[in-house]
Amino acid sequence: MSPTRWSWQASSRAATGSSPPWSSTVTRGPRRAITWPRTPPAGGGSSRPIPPGTDLQGEHEALRLGEFARGSGIPVPAVQRSLAGDLIVTADGMAVSVSGYVDGAQTAEGGLYGGRWAAVGEAVGRLHRVLAQHPAGPPRQVPASEVCDVKRAGQRLERLLAQYAKGTVGGEFAAWARQTAEQRLAALPQVAAMVKALPPMLTAQTVHGDLASPNVLMREQEVAGLIDFRPPGQRSAAWELGRIVLDPRTVLAGPDWLAGMAEGVAAYRAANPGLPVEDLLAVPRVAAGYMARSVYPLSEPIDNPAAVTPELEAYGRARHAVAGVLAERLDEAEGVLRDRLT
């Protein structure tokens with residue numbers, strides 16, 4: 001079903017009634033859907049609809065986290081406040097935030113290559129260095145078993161399979177997702193052995209929270225913007241770095257991903273020398289463990305059927321394939337990083 005669109009009338013004064021105090025066009029869609037039009041809409045921004053039932057306080061905190069990063073020079077599009085000074089406007093059951101338009105930018109979904117590796121690594125390093133100063137708290141050491149919690153993964157996979165066993169969901173992708181969840185559950189002992197080789201402790205800090213390729217805007221070889229922050233929360237810095245430098249689209253695109261990963265991690269280290277090298281060396285192992293135990297997007301046919309698009313299906317299969325690639329080439333990947341960083 002095609003998305004529903006609304007066009008709002010421009011207003012140079014505070015809105016009356018339920019009309020939002022700017023002109024824009026928004027698309028109703030999944031929570032993370034962001035409209036980046038080819039040309040700036042009236043009002044000079046891009047609108048993100050927030051579905052009913054969303055935690056608006058969490059949305060406010062996420063937007064403020066982005067503002068915090070922007071205030072220290074991180075390329076985050078400015079959030080356009082309403083004439084009343086609000087980051088989010090609600091009207092007629094809708095909630096919308098509007099961010100500045102990033103001209104000439106595309107998401108990193110096309111993969112990392114060439115100078116993009118170093119540019120992205122540097123941008124993430126700068127971001128983590130800034131977010132380490134966030135009021136949510138300084139970086140801290142946490143057990144690696146918390147970063148890669150295999151026991152919890154088993155519980156989530158078992159719950160997911162119990163839902164599939166009810167037989168209420170059909171379709172080719174749902175059948176593949178169920179089979180893949182069964183494979184992941186059976187492989188958890190091997191995953192446990194793999195993550196046991198991690199350092200005993202890893203660094204957790206305030207992070208972006210959803211630093212995947214759709215949320216990294218590129219302009220040629222440079223990072224033009226980081227978007228769609230999540231509310232402040234402490235997670236492994238190695239986990240977040242691995243999400244973008246080992247994005248499935250990039251790893252499957254060609255044979256240079258090992259050298260590119262090393263380039264990106266080295267650029268991260270130059271921008272954020274405070275993160276221990278042990279965390280950086282753990283990036284491929286943390287990424288492999290994360291993908292091998294994840295229920296996303298295997299759970300989407302049950303949790304959010306509307307989100308199951310051909311693009312999501314392709315991403316799910318690519319992500320599963322990359323989990324296997326990383327597991328097979330883990331020692332090689334760690335050796336490349338060790339040679340570059342030590």
Side-chain angles (χ1 to χ4, degrees), residues 2-3 26-27 29-40 46-49 62 66 74-77 99-124 127 173 177 207-230 239-261 263-265 267-268 283-284 287-288 290-291 294 296-298 300 304 306-326:
S2 61
V26 300
T27 304
R31 186 222 163 279
R32 288 184 175 83
I34 300 178
T35 303
W36 294 98
R38 293 182 181 273
T39 57
S46 296
S47 306
R48 178 164 67 90
I74 305 301
V76 177
S99 296
Y101 178 73
V102 183
D103 190 32
Q106 297 179 330
T107 71
E109 290 170 283
L112 302 185
Y113 51 84
R116 287 188 170 196
W117 291 102
V120 168
E122 179 188 14
V124 180
L127 174 68
F173 183 71
V207 295
H208 176 286
D210 194 13
L211 199 61
S213 57
N215 296 330
V216 178
L217 302 181
M218 305 296 301
R219 188 181 293 115
E220 300 296 338
Q221 303 288 301
E222 300 298 325
V223 175
L226 303 177
I227 61 175
D228 205 12
F229 284 69
R230 304 304 300 131
W239 163 79
E240 178 146 283
L241 178 57
R243 283 199 70 190
I244 186 63
V245 299
L246 291 171
D247 181 89
R249 304 166 184 86
T250 294
V251 173
L252 295 180
D256 64 343
W257 66 270
L258 281 170
M261 173 197 65
E263 185 73 18
V265 174
Y268 176 102
V283 164
Y290 173 68
M291 292 185 193
S294 176
Y296 181 83
L298 310 181
E300 291 300 89
N304 190 10
V308 180
T309 62
E311 292 78 15
L312 183 76
E313 293 181 16
Y315 174 73
R317 295 176 192 274
R319 199 168 187 245
H320 184 61
V322 168
V325 171
L326 291 180

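Throughout, numbering of the chain's residues begins at 1 and tracks the sequence.
For the side-chain hydrogen bond (donor to acceptor under 3.5 Å, both in side chains) test, residues two or more places apart in sequence or in another chain that qualify with E109 are T107. Listed by chain and residue number, nothing satisfies the ring-ring contact (aromatic ring centres under 6.0 Å, His included) test with Y315 (two or more places apart in sequence, or in another chain). For A287, the side chain to side chain contact (heavy atoms under 4.5 Å, CB included) partners at least two apart in sequence or on another chain are L246, L326. The side chain to side chain contact (heavy atoms under 4.5 Å, CB included) test applied to R116 returns L112, Y113, M218, Q221, not counting sequence neighbours. Remark: E122 pairs with no residue by the salt bridge (charged side-chain N to carboxylate O under 4.0 Å, His left out) rule, at least two apart or across chains. For A119, the side chain to side chain contact (heavy atoms under 4.5 Å, CB included) partners two or more places apart in sequence, or in a different chain, are E222, V223. Qualifying side-chain hydrogen bond (donor to acceptor under 3.5 Å, both in side chains) partners for S213, counting only residues two or more places apart in sequence or in other chains: D247, R249. Here A259 pairs with nothing under the side chain to side chain contact (heavy atoms under 4.5 Å, CB included) rule; sequence neighbours left out. The salt bridge (charged side-chain N to carboxylate O under 4.0 Å, His left out) search around R243 returns D210, not counting sequence neighbours. E300 is linked by a side-chain hydrogen bond (donor to acceptor under 3.5 Å, both in side chains) to nothing, counting only residues two or more places apart in sequence or in another chain.
Between the CG atom in L211 and the CZ atom in F229 there is a gap of 8.0 Å [rounded to 0.5 Å]. Distance check: R319 CZ to L252 CG gives 12.5 Å after rounding to the nearest 0.5 Å. With values rounded to the nearest 0.5 angstrom, N304 atom CG is found 8.5 Å from Y296 atom OH.
Looking only at distances, a side-chain donor or acceptor of R219 sits under 3.5 Å from a matching main-chain atom of D103.
Between M261 and V265 the shortest side-chain heavy-atom distance falls below 4.5 Å. Here the side chains of L226 and N215 are not in contact, with every heavy-atom distance at 4.5 Å or above. For the pair V245 and Y268, the minimum side-chain heavy-atom distance is 4.5 Å or more.
Taking all atoms of both residues into account, the shortest heavy-atom contact from A212 to I244 is C-CD1, 4.1 Å. Counting all heavy atoms, side chain and backbone alike, S99 lies closest to P77 at CB-CB, 4.3 Å. Closest approach of A224 to A105, counting heavy atoms only: CB-CB, 4.0 Å. Taking every heavy atom of both residues into account, E240 and V207 meet most closely at OE2-CB, 3.2 Å.
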- Query: side-chain contact (heavy atoms from CB on, under 4.5 Å) between L217 and Q106: does it pass, once the steps are laid out?
  - Reply: CA-CA 5 Å; L217 302 181; Q106 297 179 330; over 6 Å; no
- Item | Test log, rule side-chain contact (heavy atoms from CB on, under 4.5 Å), inputs W257 and V325 | CA-CA 11 Å; W257 66 270; V325 171; 3.9 Å; yes
- Message: For I227 and V76: C-alpha separation, side-chain torsions, deciding distance, then whether side-chain contact (heavy atoms from CB on, under 4.5 Å) applies.
- Response: CA-CA 6 Å; I227 61 175; V76 177; over 6 Å; no
